[in-house]
Colleague: 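The structure is given below, and queries will be raised subsequently.
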2 protein chains.
Amino acid sequence: MKISIQDLRYVLALAKTKHFGQAAKACFVTQPSLSNQLKHLETRLGAPLFERSRKHVMITDFGQQFVTKAKTILQQIDDLESLQDDPFTGNLKMGIFPTLAPYLLPKIMPKLIQKFPALRFIVSEEKTATLVQKLKDGELDCILAAEPLSDTQFTHQHMFTDSFFLAVYPSHPLASAPQITLQDLHHEPLLLLEEGHCMRDNALSVCALAGTPVHEDYRATSMETLRYMVAAKVGITLIPEIAIPRDTQTSAQSVIYIPFKDHRVQRHIGLYWRKQTSRKMVFEAVFASLKTSTLTK
Amino acid sequence: MKISIQDLRYVLALAKTKHFGQAAKACFVTQPSLSNQLKHLETRLGAPLFERSRKHVMITDFGQQFVTKAKTILQQIDDLESLQDDPFTGNLKMGIFPTLAPYLLPKIMPKLIQKFPALRFIVSEEKTATLVQKLKDGELDCILAAEPLSDTQFTHQHMFTDSFFLAVYPSHPLASAPQITLQDLHHEPLLLLEEGHCMRDNALSVCALAGTPVHEDYRATSMETLRYMVAAKVGITLIPEIAIPRDTQTSAQSVIYIPFKDHRVQRHIGLYWRKQTSRKMVFEAVFASLKTSTLTK
DNA sequence: TTATTTTCATAAGCTATTAATATCATTTTT
DNA sequence: AAAAATGATATTAATAGCTTATGAAAATAA
């Protein structure tokens, strides 16, 4: 025994016309239908909304109260029904891992903001395991992560490939080589990031390929730390291309970056989102936009 | 095919529980019923309100917009349904916080029931934060809370002031004092309730006034626990006047209550309700009745 | 791994609500 | 007084919404 929205429409129409026939017509129903529903409603409420004399229909005090409230409700219902979904609106929570975010964001954010003016990009920087969990839990909408990612709940698109360079200090024996191979690393232990960084895993697999040991004593907390350690001649390491400074004044360099011949020394970055998402379109559009902006370095 | 009120109830229930089965139960229907209706609604709207994976149900941005609007509508509908010629009829859902309810209710309920025979008082006991949320959501009609409460959606009336007494065990140095001051508390750490109790905040501000540390190790879950801890000589604490047993057989007491000289050692209790309520009259009448019954201890 | 449980979706049939048609009663108008 | 207007009532018809039964996919336990 609940009030329905139709009931509200009937009451409002009758309050306006003060005539059952006309009110019914305005509601696209027959007059007996409206009469009946109204009677039921009044029974449920326990008090009459209208006073019917044979000639005139008059609203009661109680009815007037009801009408006042019903009016604002109906207005809001109409508003709700016309509520439209524009997926290119609202917040888009994006996660990026720490050895990528600071180098990639300056390249892509201006374009994204320009291309999707109604989207608010909320970027958070976390290690991959955290990103994956938060994406699952819906705390993030999409993430940029190194491929491959095993999770079957996600869809992904490959975005770009980032080559690793060997970072050495100028006095290091390899510093003058124009290009190097994995074999050159045979007796060159590498400095690594701390546990949990996907780039640590990238570097470890390179070490496995080259048969190289690692400096177990040092575990840097960020790529910038790593770079400073190279400059301080603590050791050598891998740095991805995207993190290499552009304005390389060769004379003043404290760190030298040497490319690999081997194409396996790379990391692959993809954009991931939940298969089930209702905003697939958005991610595909964002992806397209990201792809072009990363290509034009 | 129009949105129905039942649809709104389903959406809100699902948004709350994030579980089809539980949401259905909350709406007193079976799960397929809710699934179907929701699917129809989403079709009508042209966009999904929820994102379903087998494990998690997550609300979409669009769904969140819908829910926000639906909530206020539903609240108004409920309000409309309870609109009656005689507002002093039906259910009145009242909330009271835990360090007040068990001591105040026996004093006020008999009078309320006698004075408003057609009102059914449904009392629930929750911490203040929960009360405030439920009052906002329309799950409660009015609440008794410690003043001040910042929320602008509420109207309130001051009901009574409750003085704190110092509760000590008989062998404590202060036990024989007829009256004490804040200065006496200088080196007397107090036992406190756990987080979330407004009385904990009351006590903390007294500590701040007196410059007293607190026993951080103990966090009692109820005022009765606190009282037992004092009796067990774990420490001393504050107890509000209303919670002091009346039949003080001075000889057999295991806890002694000492009044403060300082009038700042008090809590102020007010009755709060939503500004927009249609039952303002009822709350004012209930308030008047409460005020007189608490004055006559 | 395989079995079990959980959870949401789908299908078919039934029920209850709501609407339409036909009719009536009363009052107003002519 | 007859005709017209207006709202109420009864009966029948349409349909929206619910239940039961069942399915499929994923998570959890063995």
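Chain identifiers are assigned alphabetically (A, B, ...) following the order of the sequence lines, protein sequences preceding nucleic acid strands; residue numbering begins at 1 within each chain. On a predicted model such as this, the values are computed, not experimentally measured, just so you know.
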Colleague: Starting at CZ of B:F20 and ending at P of C:dT7, how long is that distance when rounded to a whole Å?
Modeller: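 Between P of C:dT7 and CZ of B:F20: 12 Å.
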
Colleague: In whole angstrom, give the distance that lies between atom CG of B:L8 and atom P of D:dG17.
Modeller: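 These atoms are roughly 12 Å apart.
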
Colleague: Is A:E139 salt-bridged to A:K93, going by a charged N under 4.0 Å from an acidic O?
Modeller: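 The answer is no: the pair does not qualify as a salt bridge.
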
Colleague: Could you give the CD-to-C1' distance, from A:E42 to D:dG7, as a whole number of Å?
Modeller: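 Roughly 13 Å, once rounded to whole Å.
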
Colleague: Tell me every residue that passes side-chain contact (heavy atoms from CB on, under 4.5 Å) with A:K39, counting only those two or more places apart in sequence or in another chain.
Modeller: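 Not a single residue meets the side-chain contact (heavy atoms from CB on, under 4.5 Å) criterion with A:K39.
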
Colleague: Of all residues at least two apart in sequence or in a different chain, which pass the salt bridge (charged side-chain N to carboxylate O under 4.0 Å, His left out) check with A:K127?
Modeller: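 Salt bridge (charged side-chain N to carboxylate O under 4.0 Å, His left out) list for A:K127, sorted by chain: A:E194.
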
Colleague: Calculate the interatomic distance between B:I5 atom CD1 and D:dG17 atom P; express it in whole Å.
Modeller: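 It is 12 Å, rounded to the nearest whole Å.
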
Colleague: How many Å lie between NZ on B:K25 and C1' on C:dC8, as a whole number?
Modeller: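 So the NZ-C1' distance, B:K25 to C:dC8, works out to 15 Å.
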
Colleague: Can you name the residues that form a side-chain contact (heavy atoms from CB on, under 4.5 Å) with B:N36, not counting sequence neighbours?
Modeller: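 Expected list: B:H40.
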
Colleague: D:dG17 P sits how many Å from B:L41 CG, rounded?
Modeller: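 Atom CG in B:L41 sits about 11 Å away from atom P in D:dG17.
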
Colleague: Separation of A:L38 atom CG from D:dA8 atom P, in whole Å?
Modeller: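 That distance rounds to 8 Å.
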
Colleague: Name the one of B:T130, B:I143, B:D141, B:L149 that satisfies side-chain contact (heavy atoms from CB on, under 4.5 Å) with B:L135?
Modeller: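 The residue from B:T130, B:I143, B:D141, B:L149 that satisfies side-chain contact (heavy atoms from CB on, under 4.5 Å) with B:L135 turns out to be B:I143.
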
Colleague: Would you say B:R52 places a side-chain N or O within less than 4.0 Å of OP1 or OP2 belonging to C:dA9?
Modeller: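 So the side-chain polar atoms of B:R52 do come within 4.0 Å of the phosphate oxygens OP1 or OP2 of C:dA9, strictly under.
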
Colleague: Which residues pass the salt bridge (charged side-chain N to carboxylate O under 4.0 Å, His left out) test with A:D78, sequence neighbours left out?
Modeller: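 Checked A:D78 against salt bridge (charged side-chain N to carboxylate O under 4.0 Å, His left out); matches are A:R9.
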
Colleague: Among residues two or more places apart or on two chains, list those pairs meeting ring-ring contact (aromatic ring centres under 6.0 Å, His included) that have a residue in residues 270-290 of chain A.
Modeller: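 Counting only pairs at least two positions apart or across chains, the ring-ring contact (aromatic ring centres under 6.0 Å, His included) contacts touching residues 270-290 of chain A are A:H156-A:Y272, A:W273-A:F283.
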
Colleague: Given atom CZ of B:R9 and atom P of D:dG17, what is their separation to the nearest angstrom?
Modeller: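 Distance check: B:R9 CZ to D:dG17 P gives 14 Å.
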
Colleague: Provide a list of protein-nucleic acid N or O atom pairs under 3.5 angstrom, restricted to nucleotides 14-20 of chain C.
Modeller:
unit_1: C:dA19; atom_1: OP1; unit_2: A:Q6; atom_2: NE2; d: 3.2
unit_1: C:dA19; atom_1: OP1; unit_2: A:Y10; atom_2: OH; d: 2.7
unit_1: C:dA19; atom_1: OP2; unit_2: A:Y10; atom_2: OH; d: 3.3
unit_1: C:dA19; atom_1: O5'; unit_2: A:S33; atom_2: OG; d: 3.4
unit_1: C:dA20; atom_1: OP2; unit_2: A:T30; atom_2: N; d: 2.8
unit_1: C:dA20; atom_1: OP2; unit_2: A:T30; atom_2: OG1; d: 3.0

Colleague: D:dG7 phosphate, OP1 or OP2: any side-chain N/O from A:H19 under 4.0 angstrom?
Modeller: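 So the side-chain polar atoms of A:H19 do come within 4.0 Å of the phosphate oxygens OP1 or OP2 of D:dG7, strictly under.
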
Colleague: So, is B:K39 close to the C:dC8 phosphate, meaning a side-chain N or O under 4.0 Å from OP1 or OP2?
Modeller: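 Checking B:K39 against C:dC8: no side-chain N or O falls below 4.0 Å of OP1 or OP2.
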
